[in-house]
Amino acid sequence: MLIAITGASGIDLAVKLLENLHENGIQLELIISKLAQQVIKIESNYEKSYIENLADKMYDVEDLTAEPSSGSYLIDTMIIIPCSMKTLAAIANGYAENLIARAADVMIKENRRLLLAVRESPFSAIHLENMLKLARLGVIIAPPIPSYYYNPKSIEDLNNHIVGRMLDQLGIKSDIKRWGNI
Ligand SMILES: Cc1cc2nc3c(=O)[nH]c(=O)nc-3n(C[C@H](O)[C@H](O)[C@H](O)COP(=O)(O)O)c2cc1C
């Protein structure tokens with residue numbers, strides 16, 4: 001599974017997702033954008049090295065010769081979390097300017113699973129049109145929007161639930177509180 005972290009807000013969600021997938025024994029490949037490296041420093045308490053160590057393989061975001069650039073390299077699922085509006089725009093327009101956009105481009109052309117945890121607020125018409133275009137191609141648009149029906153008590157509760165709902169998309173079990181069983 002390929003995970004990409006871009007320079008939108010919500011680095012903790014990416015780390016929590018990586019931790020969960022790692023604990024589930026899933027082979028993880030990881031790309032971190034240049035801006036994400038800045039945002040990790042600005043808004044999280046994580047060292048980049050801790051995040052990298054959760055993955056089995058790392059790629060340089062500028063290395064367009066790396067394996068995920070080619071459809072012949074088999075990746076069943078790619079998740080971009082958080083996904084910036086810039087990366088969303090690049091993907092929606094087939095502008096494969098870096099390894100994240102190129103790998104996503106490959107996922108779409110090969111009809112493979114691509115999930116985007118898009119993060120911005122409010123969304124402009126440009127953002128929404130880009131999302132609609134990709135949703136129509138089968139890309140899963142999964143913004144990290146919290147749920148409140150289970151009466152969360154902390155930010156950690158909210159983050160755990162958001163990540164649990166993303167794991168649902170991947171068919172991976174988690175112990176989040178579910179409607180009908182609260
Ligand atoms: C602290 C911080 C938070 C940001 N949050 C967002 C965000 O939530 N959504 C977004 O689209 N861009 C956000 N940006 C702007 C992106 O980082 C910027 O558009 C960048 O070019 C994205 O590049 P990338 O997609 O290659 O990582 C943020 C920037 C900073 C410094």
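Along the sequence shown, residues carry numbers from 1. Atoms within each ligand, like the ligands themselves, are counted from 1 in listed order. Source: prediction; values computed, not measured.
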**Asked** Is the shortest N/O to N/O distance between Ser9 and ligand 1 below 3.5 Å?
**Response** yes

**Complete:** In terms of heavy-atom contacts, Ala142 and Leu115 come closest through CB-CD2, 3.9 Å

**Request:** Using non-hydrogen atoms of the residue, decide whether Gln38 is closer than 4.0 angstrom to ligand 1.
**Result:** no

**Request:** Determine whether the side chain, the backbone, both or neither of Lys86 has a heavy atom under 4.0 Å from any heavy atom of ligand 1.
**Result:** side chain

**Message:** If you count every heavy atom of other residues, nucleotides or ligands that lies below 6.0 Å from Arg112 atom CZ, does the total exceed 12?
**Reply:** yes

**Message:** Counting only heavy atoms from other residues, nucleotides and ligands, does the tally under 6.0 Å from CD of Glu47 exceed 12?
**Reply:** no

**Heavy-atom pair of closest approach, residues Thr6 and Pro82** = OG1-O, 2.6 Å

**Protein residue, atom and distance nearest to atom 30 (C) of ligand 1, heavy-atom basis** = Val39 CG2, 3.8 Å

**Asked** Starting from atom 20 (C) of ligand 1, which protein heavy atom do you reach first, and at what distance in Å?
**Response** Leu35 CG, 3.6 Å

**Prompt:** Is Ser84 touching ligand 1 with its side chain, its backbone, both, or neither, if touching means heavy atoms under 4.0 Å apart?
**Reply:** both

**Prompt:** Applying a strict 4.0 Å limit to heavy atoms, is Glu43 in contact with ligand 1?
**Reply:** no

**Prompt:** Got more than 12 heavy atoms from elsewhere within 6.0 Å of CD1, Ile182?
**Reply:** yes

**Asked** Of all the atoms in ligand 1, which lie at a distance below 4.0 Å from a heavy atom belonging to Thr6?
**Response** 25 (O), 27 (O)

**Message:** Within the supplied structure, the quantity of interest is the number of heavy atoms (other residues, nucleotides, ligands) at a distance under 6.0 Å from Glu97 CD; does it exceed 12?
**Reply:** yes

**Message:** Just to be sure I'm reading this right: ignoring hydrogens, which of Ala8, Ser121, Gly7 gets closest to atom 17 (O) of ligand 1? Compare them by their nearest heavy atoms.
**Reply:** Gly7

**Request:** Could you tell me which non-hydrogen atom of Pro144 sits nearest to which non-hydrogen atom of Leu13, and how far apart they are?
**Result:** CB-CD1, 3.4 Å

**Request:** Could you tell me the residue and atom name of the protein heavy atom closest to atom 11 (O) of ligand 1, and the distance to it rounded to 0.1 Å?
**Result:** Met85 N, 2.8 Å

**Item:** Interfacing atoms of ligand 1 (cut-off 4.0 Å, heavy-atom, Thr87)
**Value:** 24 (P), 25 (O), 26 (O)

**Residues, nucleotides or ligands: over 12 heavy atoms within 6.0 Å of Tyr73 OH** = yes

**N or O pair under 3.5 Å between Ser33 and ligand 1** = yes

**Message:** Within the supplied structure, the quantity of interest is the number of heavy atoms (other residues, nucleotides, ligands) at a distance under 6.0 Å from Leu132 CG; does it exceed 12?
**Reply:** yes

**Asked** What protein heavy atom sits nearest atom 9 (N) of ligand 1, and how far away is it?
**Response** Arg119 O, 2.6 Å

